[in-house]
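Here the structure is laid out as structure tokens; the discussion comes afterwards.
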Amino acid sequence: MPKTKFHVDITKKMDKQDVPGHNRWHPDIPAAFSVEPGESFRMECLDWTDGQISDNDDPSDIKHVDLNRVHVLSGPVHVNGVEPGDLLVVDILDIGVFPEAEWGFNGIFARENGGGFLTDHYPEANKSIWDIRGIYAESRHIPGVSFAGLIHPGLIGTAPSKEMLDEWNRREKELVDTDPNRVPPLANLPDPSSAVLGQLKGEEFDRVAKEGARTVPPRENGGNCDIKNLTRGSRVYFPVFVKGGKLSVGDLHFSQGDGEISFCGGIEIPGWIDLQVDVIKGGMEKYQIKSNPIFKTSPVEPHYTDYIVFEGISVEEGSGKQTYLDANIAYRRACLNAIDYMKTLGYTGEQAYMLLSTAPVEGRLSGVVDIPNACATVAIPKDIFVNQDVFPKK
Ligand code: ZN
């Protein structure tokens, strides 16, 4: 078993750990530990909210969650000899839950505190707790389904350079300024409240807390991509922007549907991840991977083969407004069509929404050229429904 290089106590908040992690992106957050290229090691992670959600039936913890606290990450790890311009090769060797916490959560954030992909339709907070039984997940809040998890880190990335960080903050502020009072906001700008910055202290802490980018969006460094197929057995090639790479990881998901549409996640868990790192010197230029990682998929994934597939087009629901190839609206319509159908199977809209966010659902952009409608599909494995034939019958 690889040596544990980053340890957490799941009864304590991230800033109270012996060596704290962080919840902002900034090149000046000091490394928590260092490794050599070729080395494998274990990192333990808290859940993304820093333990704010409890295993009970009351969604008020979701409703009142402090989103300035997210995402608490483990790391950064400094890889010796790695320089800007290199590619950091990261093998995700294995991922698991802690024996004392074999459960995870999903939820719907209230519109005024986080929101989600379908917040106009489901503005109230809700929660589902998922019990993890070996490789399977089941929820007392969404009966009649059981599926194999496709476990992965929702968030993994290298640190930005100072120039890159400044550019993120500039462009995201420019977006927010177009509609500064929007609920939920167009983006989360730097905010020092609830910042956790490793072992930084004093004036350095204050400066970095003010400048540090929020961890919510995916960016050039990878980050919160929420790609379900980045599972154990996959290999990721990260562009490197600072000395040592400064890789961080967190937001582990036991399972997730493409799009992670509820925003309060996949099946959110604390747990451990085993990594092995290596370096390709000068790889960013050589392979033209200058921004955004690439990755190789894993040979180990649940093999669902039969799906019930819902289509959606880029016409706004309700208003009937025709848009031009808006793939976001097409995916939303596909999800809404799936939810309407699942209601006929006896699920509430909220249950169906959370199921799309947690089960190994495949989302596709099926067509993006047939003007004026983009076509998106959402495919639900039929075998996740226990003892139910989910197709239409005569
Ligand atoms: Zn997550």
Side-chain angles (χ1 to χ4, degrees), residues 8 10 14 21-25 43-55 59 61-63 65-75 92 95-98 101-110 113-119 125-130 132 137 139 141-142 147 149-157 184 188 194 196 213-219 221-232 234 236 248-273 353-361 363:
V8 296
I10 61 169
M14 186 55 99
H22 61 104
N23 62 0
R24 300 290 188 270
W25 288 117
M43 292 171 83
E44 296 176 342
C45 303
L46 298 174
D47 84 82
W48 76 301
T49 69
D50 207 5
Q52 295 184 64
I53 311 303
S54 302
D55 179 5
D61 48 9
I62 300 268
K63 183 173 178 182
V65 68
D66 173 11
L67 287 176
N68 277 338
R69 193 72 182 180
V70 303
H71 301 68
V72 286
L73 304 178
S74 301
I92 299 177
I95 310 172
V97 293
F98 297 123
E102 292 183 314
W103 64 278
F105 64 89
N106 177 261
I108 300 172
F109 285 135
N113 189 22
F117 192 52
L118 305 178
T119 201
N126 210 312
K127 179 163 91 174
S128 57
I129 297 297
W130 294 82
I132 291 159
S139 173
H141 298 118
I142 308 181
F147 48 81
L150 183 49
I151 195 166
H152 61 275
L155 198 161
I156 183 166
N188 300 105
S194 296
V196 181
R214 301 297 310 278
T215 55
V216 176
R219 297 193 186 88
N221 64 330
N224 193 29
C225 292
D226 290 315
I227 300 168
K228 73 182 190 327
N229 307 87
L230 213 62
T231 184
R232 53 188 157 194
S234 57
V236 196
S248 297
V249 62
D251 186 24
L252 301 183
H253 297 155
F254 186 76
S255 176
Q256 182 212 291
D258 282 340
E260 201 203 31
I261 62 170
S262 83
F263 181 36
C264 185
I267 296 178
E268 304 293 328
I269 52 167
W272 51 266
I273 181 165
Y353 184 10
M354 290 189 282
L355 186 58
L356 288 179
S357 206
T358 51
V361 163

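In each ligand, atom 1 is the first atom listed, and ligand 1 is the first ligand listed. The model shown is predicted, which means the values in this text are computed figures rather than measured ones.
- By the side-chain hydrogen bond (donor to acceptor under 3.5 Å, both in side chains) test, N229 pairs with E301, sequence neighbours left out.
- Annotation: angle subtended at the Zn ion (ligand 1) by E268 OE2 and H253 NE2 is 80°, to 10°.
- Residue S262 holds its OG atom at 6.5 Å from CD of E260, rounded to the nearest 0.5 Å.
- Nearest heavy-atom pair across V361 and L355 is CG2-O, 4.5 Å.
- Atom OD1 is the N, O or S atom of D251 at the shortest distance from the Zn ion (ligand 1).
- In this structure, the ring pair (Phe, Tyr, Trp, His ring centres under 6.0 Å) partners of Y353, at least two apart in sequence or on a different chain, are Y122.
- Not a single N/O/S atom of H71, whether from backbone or side chain, sits less than 2.8 Å from the Zn ion (ligand 1).
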